[in-house]
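Throughout, protein chains are lettered first and strands after them, A, B, ... in sequence-line order, and every chain is numbered starting at 1. A quick note: this is a predicted structure, and the numbers were derived from the prediction, not measured.
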Amino acid sequence: NAGVMQNPRHLVRRRGQEARLRCSPMKGHSHVYWYRQLPEEGLKFMVYLQKENIIDESGMPKERFSAEFPKEGPSILRIQQVVRGDSAAYFCASSPATGTGHEQYFGPGTRLTVT
Amino acid sequence: TQLLEQSPQFLSIQEGENLTVYCNSSSVFSSLQWYRQEPGEGPVLLVTVVTGGEVKKLKRLTFQFGDARKDSSLHITAAQPGDTGLYLCAGPKEGGAQKLVFGQGTRLTINP
């Protein structure tokens, strides 16, 4: 069984460029979550999506950040006009449609470096 | 604000010793999850505790959920170098769909 897949694993962008991070959930999972982790810190919730719906985006900055989970294809976290403060590890997690959703399975992350 | 405080933040011990790390909150959680994260990787789910007072064992790891569901502990017996990693506790945010609140983690190093 394939786990949660994320790509790219490492992404370097110059200030002002766009970053696109992709996440394919585990097979059979229809709920996707994005978290951000700064060095030596825990993970901070950003957004929760189901297919074609954003359920909760309360942790995502209002500007420059957007997320989608289309009917077909991976979930995308998009950061426009990146700044140095966006440098972090971004993790995607998924959970099945049934259950509480509290058990989330994480991908390996995308490490974004803004130069 | 629901916060999870983990202690100690750093722990370095010798192989074969026992240790306990803690996850505390002033808020009640419906469940708590423990994850282990290795450098350059994502967190791996170890266990979920749901019932107050619950104890779960995973080989040499023992997880306990406090009676009031505000705290949890992880005890490792006879630690091995392979136990090295960042241990994170997490719980669902109240009233917040299914988003998890994470503690800042305990970075554990087991020296051979």
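Heavy-atom pairs under 4.5 Å with chain B peak, among A:Ser58, A:Ala89, A:Gly42, A:Gly107, at A:Gly42.
Residue A:Gln6: no heavy atom, backbone or side chain, is found under 4.5 Å from chain B. Interface remark: B:Tyr87 contributes no atoms to any contact with chain A (heavy atom separation under 4.5 Å). Residue contact with chain A, scored on non-hydrogen atoms closer than 4.5 Å, is absent for B:Leu32. Of the two parts of B:Gln37, only the side chain, counted from C-beta on, holds a non-hydrogen atom closer than 4.5 Å to a non-hydrogen atom of chain A.
B:Gln33 and B:Ser31 are linked by a side-chain donor-acceptor pair at a separation below 3.5 angstrom, with hydrogens and angles left out of the test.
Aromatic ring orientation, A:Phe106 versus A:Phe91: perpendicular (interplanar angle above 60°, classes split at 30° and 60°).
Contact record, B:Leu88 with B:Gly103: CD2-O, 3.6 Å, taken as the closest heavy-atom pair. Heavy-atom minimum distance, A:Tyr33 versus A:Ser95: OH-OG, 2.7 Å.
Between A:Glu18 and A:Arg64 there is no salt bridge, since no side-chain nitrogen of the basic residue lies less than 4.0 Å from a carboxylate oxygen of the acidic one.
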